[in-house]
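In listed order, ligands and their atoms are each counted from 1. In this chain, numbering begins with 1 at the start of the sequence shown. Note that these values count all heavy atoms, side chains included, but never hydrogens, waters or copies made by symmetry.
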Amino acid sequence: MLTHFIGGEPVAAGKVFPVHDPVTGAVVRQAHEADPEVVDRAVRAAREAARDWAGLPVGERAGWMRRLAEGIEARFDDLVAAEIADTGKSFDQTRTLDIPRGIANFRAFAEIAAQRPDDAFHLSGTLSYTVRRPLGVVGVIVPWNLPFLLMTWKLAPALVSGNTVVVKPSEQTPGSAAVFAEICADTGLPPGVVNIIFGHGPVGQLLVEHPGVDGLTFTGSTRTGTAIMITAAERVKPISFELGGKNAGLIFEDCDLDRAVEGAVKSVFTNGGQVCLCTERLYVQRSIFEEFCARLAVRAQEVELQPMISAEHRDKVLSYYALARSEGAKVLAGGGVPLFGDHRDSGYFVEPTVVTGLSEWSRFNREEIFGPVCHVAPFDSEAEAIDLANGSDYGLAATLWTTNLDRAHRVAQRLEAGLVWVNTWYLRDLRTPFGGVKLSGIGREGGTRSLDFYSEPTTITIKLEQSDA
Ligand code: NAD
């Protein structure tokens with residue numbers, strides 16, 4: 001039974017809810033659902049710890065980040081197991097990406113914060129300099145698709161900047177956060193610096209509303225982001241939003257076709273398409289359209305299957321498969337539910353799916369599906385390709401495949417997206433800005449951008465007296 005982690009202590013309070021293994025549908029664990037009293041207790045614990053934590057020199061907080069990274073390394077196998085049990089992710093991906101990236105988050109932000117210089121300016125006999133003060137208590141609300149990676153992505157810069165936090169992981173994936181609570185306790189992190197509460201959306205809503213929470217960082221759907229923004233507006237709380245996507249991939253006829261096909265397979269189907277950066281709209285230059293579609297359709301049938309996170313999400317993805325058919329799509333691969341003939345048949349799998357033939361204005365091409373699925377359409381010119389990619393309400397990421405260097409720069413700079421990859425996808429340096437435009441979010445995290453969000457500058461100006469000497 002997972003308990004909340006408040007003021008350095010486990011707290012067993014509130015109703016109990018089940019967490020399901022998406023591979024089989026079986027209940028893997030149970031967790032307590034925070035009620036208003038639990039949320040209040042967590043925020044108070046964070047506030048109580050805030051002054052001392054903010055008062056530590058940044059170098060000492062950076063030291064704590066390194067100790068947490070070591071603590072994660074020591075519990076690596078437990079974290080891998082917890083993450084797989086909740087998400088059904090592959091062992092390889094969890095071991096080589098999700099948990100290592102969590103460790104890297106703590107190490108990278110320790111370095112970035114400790115080495116960051118302060119600003120200082122001289123003007124007309126005055127010296128102005130800035131100090132950065134933490135926001136105070138930060139509410140951290142994260143989704144289920146990359147639970148540990150995204151939680152640590154926010155925690156590390158928030159903590160090293162001197163904030164204390166109350167974290168609400170997704171109700172569908174609380175396991176790795178519970179292991180992290182134990183790591184915080186085992187490393188001796190001061191009580192109240194990290195507090196973790198479990199529960200569904202309304203628990204997140206209580207956290208957003210709480211007057212003791214000074215800022216909010218949220219990764220999740222655009223719909224939830226909108227609700228949070230409305231509530232946070234009442235107290236003008238700073239917010240950082242990483243929201244949904246409907247990402248485009250552009251395949252030009254001068255690409256290396258083998259690499260482009262493999263790149264598309266990765267960008268569409270990784271994590272069962274349940275990554276905000278996954279591609280759901282592919283545009284392919286007409287001269288290579290037929291060949292590209294044929295090859296992608298074959299590869300779609302070979303990829304390793306990963307379940308959708310829940311029965312509800314599987315049904316949502318399947319409803320888009322049905323919608324595609326009713327909107328007149330041609331299904332090139334997949335479109336249904338795989339049959340395994342074993343325990344996985346009670347899990348939440350869908351077939352990797354490739355469709356074509358829909359209008360740009362179809363719901364299928366406009367709404368985020370968040371599954372292993374893409375629509376492929378032809379284009380004739382570079383200008384048309386750019387218009388198609390930009391013709392979306394979202395603007396998180398885009399990918400382009402070409403061997404023409406001029407085109408790569410020209411197109412990349414015209415795409416309305418926070419992140420553009422050329423001849424590759426997914427990995428980027430943690431110091432680069434991360435975030436989206438339009439419905440995909442507000443603000444940027446990553447490197448010093450994160451430190452900017454999790455702290456506020458105060459400008460101090462001092463008159464410098466002229467010496468008589
Ligand atoms: P979601 O918005 O349903 O839930 C995210 C979190 O918000 C969960 O912890 C949930 O309990 C909580 N929540 C729900 N309602 C709330 C409310 N009213 N107030 C406060 N908190 C509330 O998203 P999800 O289904 O868990 O995750 C998938 C979505 O996340 C997709 O849209 C995906 O694109 C997006 N995502 C974006 C990024 C990015 O970096 N841009 C990264 C990963 C996922």
Side-chain angles (χ1 to χ4, degrees), residues 17 19 22 31 33-34 39 86-87 98 101 105 139-154 166-174 176-177 196-210 213 216-234 237 239-247 270-280 308-310 312-317 320 367-371 392-398 417-419 426 428 430 432-446 449-450:
F17 66 92
V19 179
E33 173 99 15
V39 176
D86 286 358
T87 61
D98 294 81
R101 194 72 166 192
N105 283 333
V140 178
I141 302 176
V142 279
W144 46 260
N145 63 327
L146 303 165
F148 191 68
L149 187 160
L150 289 173
M151 178 181 75
T152 53
W153 167 245
K154 293 172 179 304
V166 179
V167 186
K168 198 208 78 67
S170 167
E171 57 276 23
Q172 310 195 77
T173 54
S176 53
I196 299 176
I197 53 176
F198 297 115
H200 292 70
V203 176
Q205 172 84 19
L206 288 169
L207 192 57
V208 174
E209 283 168 3
H210 199 295
V213 172
L216 292 153
T217 176
F218 170 74
T219 296
S221 64
T222 300
R223 201 177 54 172
T224 306
T226 309
I228 291 177
M229 197 167 182
I230 289 168
T231 310
E234 285 184 19
K237 292 184 185 183
I239 48 176
S240 175
F241 277 172
E242 294 176 357
L243 308 178
K246 188 72 184 175
N247 307 310
T270 293
N271 211 46
Q274 300 166 112
V275 179
C276 54
L277 305 171
C278 276
T279 305
E280 291 191 2
M308 302 298 92
I309 191 67
S310 61
E312 188 191 10
H313 188 53
R314 175 203 52 202
D315 293 347
K316 176 188 154 187
V317 173
Y320 279 95
E367 298 175 8
E368 182 187 49
I369 301 170
F370 220 53
S392 168
D393 298 328
Y394 292 94
L396 184 57
L419 303 140
Y426 202 49
R428 49 169 205 96
L430 291 173
T432 57
F434 180 94
V437 300
K438 304 193 236 180
L439 291 187
S440 293
I442 295 181
R444 294 290 182 278
E445 296 191 24
R449 311 289 173 126
S450 291

Next item on the list: Looking only at non-hydrogen atoms, find the nearest pair between Leu207 and Val213 and report the distance.
Entry: O-CG2, 3.5 Å
Item checked: Polar atom proximity, Thr222 to ligand 1 (N or O, under 3.5 Å) -> no
Notebook entry, point to check: Taking the minimum heavy-atom distance to atom 33 (C) of ligand 1, which of Phe370, Trp144, Phe434 ranks first?
Noted result: Phe370
Item checked: Pairing of Lys237 and Glu234 as salt bridge, 4.0 angstrom limit -> no
Next item on the list: Kindly give the heavy-atom pair with the smallest separation between Arg444 and Gly418, and that separation in Å.
Entry: NH2-CA, 4.0 Å
Next item on the list: Check each heavy atom of Leu243 against ligand 1 and say whether those closer than 4.0 Å belong to the side chain, the backbone, both or neither.
Entry: backbone
Notebook entry, point to check: Hey, does the side chain of Gln274 reach the backbone of Ile309 with a donor-acceptor pair shorter than 3.5 angstrom?
Noted result: yes
Next item on the list: Please work out whether any backbone atom (N, CA, C, O) or any side-chain heavy atom from C-beta onward of Pro202 is under 4.0 Å from ligand 1, and answer side chain, backbone, both or neither.
Entry: neither
Notebook entry, point to check: Quick one: does Phe218 get a heavy atom under 4.0 Å from ligand 1?
Noted result: yes
Item checked: Polar proximity ligand 1 side, Thr219 side, N/O cut 3.5 Å exclusive -> no
Next item on the list: Would you check the N or O atoms of Val142, main chain and side chain alike, for any that come under 3.5 Å of an N or O of ligand 1?
Entry: yes
Note to self: Distance under 4.0 Å to a non-hydrogen atom of Ile228: what atoms of ligand 1 satisfy this?
What the structure shows: 19 (N), 20 (C)
Notebook entry, point to check: Any idea which atoms of ligand 1 are less than 4.0 Å away from a heavy-atom of Cys276?
Noted result: 34 (O), 36 (N), 37 (C), 38 (C), 39 (C), 40 (O), 41 (N), 42 (C), 43 (C), 44 (C)
Item checked: Exercise: do Glu445 and Thr217 side chains pair donor with acceptor under 3.5 Å -> yes
Item checked: N or O pair under 3.5 Å between Glu171 and ligand 1 -> yes
Check: Which bit of Glu368 gets closer than 4.0 Å to ligand 1, counting heavy atoms only: side chain, backbone, both or neither?
Finding: side chain
Item checked: Shortest protein contact, atom 16 (C) of ligand 1 (heavy atom only) -> Thr224 CG2, 3.3 Å
Note to self: Would Ser440 count as a polar contact of ligand 1, with the cut-off being nitrogen or oxygen pairs under 3.5 Å?
What the structure shows: no
Next item on the list: Kindly give the heavy-atom pair with the smallest separation between Glu368 and Lys316, and that separation in Å.
Entry: O-NZ, 3.6 Å
Item checked: Atoms in ligand 1 with a heavy atom of Ser170 nearer than 4.0 Å -> 9 (O)
